[in-house]
Student: 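Please read through the structure below; I'll follow up with questions.
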Amino acid sequence: MHSIEKVRWEEDYVVVNGLSPAFPPLLVPVKARIHGSAAGMEPPDDAVLRNGWYEYTPDTPNPTELRLTRSEFTADYDWCDSRGCHPLSKWFASDRGVTVLKPCRAP
């Protein structure tokens with residue numbers, strides 16, 4: 001959720017294992033959505049408006065990590081997976097700084 005504009009922004013990622021143990025797993029952005037538009041949150045030119053959401057495929061290289069700034073002045077990030085969506089604080093306490101998420105191999 002944008003801290004000032006209060007517009008929801010969602011991004012979907014998948015973790016893809018490297019080709020061999022010598023290559024680390026990759027974080028791949030596959031889909032993104034913005035619920036409306038606001039200052040600093042303009043959807044890209046190729047976005048399609050569906051039911052109030054601008055949907056698009058991110059045109060970014062695979063990030064090595066996600067840096068999530070968490071503040072007491074904004075709602076926490078939501079983590080969504082096959083079990084549903086929950087505040088990130090269910091799994092990681094916030095120190096009101098930056099939480100770094102990196103892809104890893106499943107045990």
Side-chain angles (χ1 to χ4, degrees):
M1 181 73 67
H2 191 279
S3 61
I4 296 170
E5 298 287 352
K6 306 302 183 210
V7 172
R8 188 161 176 91
W9 186 314
E10 298 178 353
E11 298 175 343
D12 298 340
Y13 293 85
V14 295
V15 175
V16 177
N17 280 329
L19 300 175
S20 74
F23 293 97
L26 299 172
L27 190 58
V28 179
V30 292
K31 188 175 179 183
R33 294 164 301 288
I34 305 171
H35 196 229
S37 64
M41 297 182 68
E42 295 80 11
D45 292 337
D46 64 341
V48 175
L49 182 61
R50 288 191 185 103
N51 299 318
W53 289 84
Y54 288 97
E55 298 179 356
Y56 62 97
T57 302
D59 185 25
T60 56
N62 299 341
T64 56
E65 63 187 25
L66 295 178
R67 301 180 61 79
L68 307 177
T69 302
R70 298 166 75 192
S71 165
E72 71 257 23
F73 302 110
T74 61
D76 200 5
Y77 286 86
D78 287 327
W79 179 275
C80 301
D81 57 25
S82 61
R83 298 168 291 189
C85 296
H86 302 279
L88 192 59
S89 60
K90 179 176 178 175
W91 292 279
F92 306 105
S94 173
D95 64 1
R96 304 299 180 202
V98 175
T99 298
V100 179
L101 301 178
K102 295 182 180 185
C104 60
R105 295 186 195 285

Student: Applying ring-ring contact (aromatic ring centres under 6.0 Å, His included), which residue pairs with at least one partner in residues 12-52 are found, sequence neighbours left out?
Tutor: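 Applying ring-ring contact (aromatic ring centres under 6.0 Å, His included) to every pair that reaches into residues 12-52, excluding sequence neighbours, yields His35-Trp53.
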Student: Are Trp9 and Tyr77 grouped together when hydrophobic residues (ILVMFWY) are joined by side-chain heavy atoms under 4.5 angstrom apart?
Tutor: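 As far as the 4.5 Å side-chain criterion goes, Tyr77 and Trp9 are not connected within one cluster.
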Student: State, with a plain yes or no, whether a side-chain heavy atom of Trp79 is found less than 4.5 Å away from one of Leu101.
Tutor: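 Of all side-chain heavy-atom pairs linking Leu101 with Trp79, at least one is under 4.5 Å.
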Student: Starting at NZ of Lys102, measure out to CD of Glu65 and round the result to the nearest 0.5 Å.
Tutor: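 One gets 5.0 Å once the value is rounded to the nearest 0.5 Å.
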Student: What heavy-atom pair brings Arg70 and Ala93 nearest, and what distance separates the two atoms?
Tutor: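 Reported closest heavy-atom pair: NH1-O, 3.6 Å.
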Student: I'd like to know if the side chain of Asp76 and the backbone of Ser89 have a donor-acceptor N/O pair within less than 3.5 Å.
Tutor: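 Yes, because the side chain of Asp76 sits within donor-acceptor range (under 3.5 Å) of the backbone of Ser89.
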Student: If every non-hydrogen atom of His86 is compared with every non-hydrogen atom of Arg83, which pair is closest and at what distance?
Tutor: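 Here His86 and Arg83 meet closest at NE2-O, 4.0 Å.
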Student: Any chance CG of Asp46 has more than 12 other-residue heavy atoms, nucleotides or ligands included, within less than 6.0 Å?
Tutor: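 Correct, the count exceeds 12.
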Student: Given side chains that start at C-beta, do those of Leu27 and Val15 come closer than 4.5 Å, heavy atoms only?
Tutor: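 Side-chain contact under 4.5 Å: yes.
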Student: Does the side chain of Asn62 reach to within under 4.5 Å of the side chain of Pro29, using non-hydrogen atoms?
Tutor: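 Yes - at least one pair of side-chain heavy atoms lies under 4.5 Å apart.
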Student: Of all residues at least two apart in sequence or in a different chain, which pass the salt bridge (Lys or Arg N to Asp or Glu O under 4.0 Å) check with Glu55?
Tutor: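 With sequence neighbours excluded, Glu55 shows a salt bridge (Lys or Arg N to Asp or Glu O under 4.0 Å) to Arg50, given in chain and number order.
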Student: Taking atom CG of Asp59 as the centre, report whether more than 12 heavy atoms of other residues, nucleotides or ligands fall under 6.0 Å from it.
Tutor: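 No, not enclosed.
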Student: Please determine whether residues Leu68 and Val98 belong to a single hydrophobic cluster, defined as Ile, Leu, Val, Met, Phe, Trp and Tyr linked transitively by side-chain heavy-atom distances below 4.5 Å.
Tutor: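 Shared cluster, no.
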Student: For the residue pair Tyr56 and Ile34, establish whether any side-chain heavy-atom pair is separated by less than 4.5 Å.
Tutor: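 Sidechains of Ile34 and Tyr56: in contact.
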Student: State the CD-OG1 distance between Glu11 and Thr60, to the nearest 0.5 angstrom.
Tutor: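 Result: 7.5 Å between the selected atoms.
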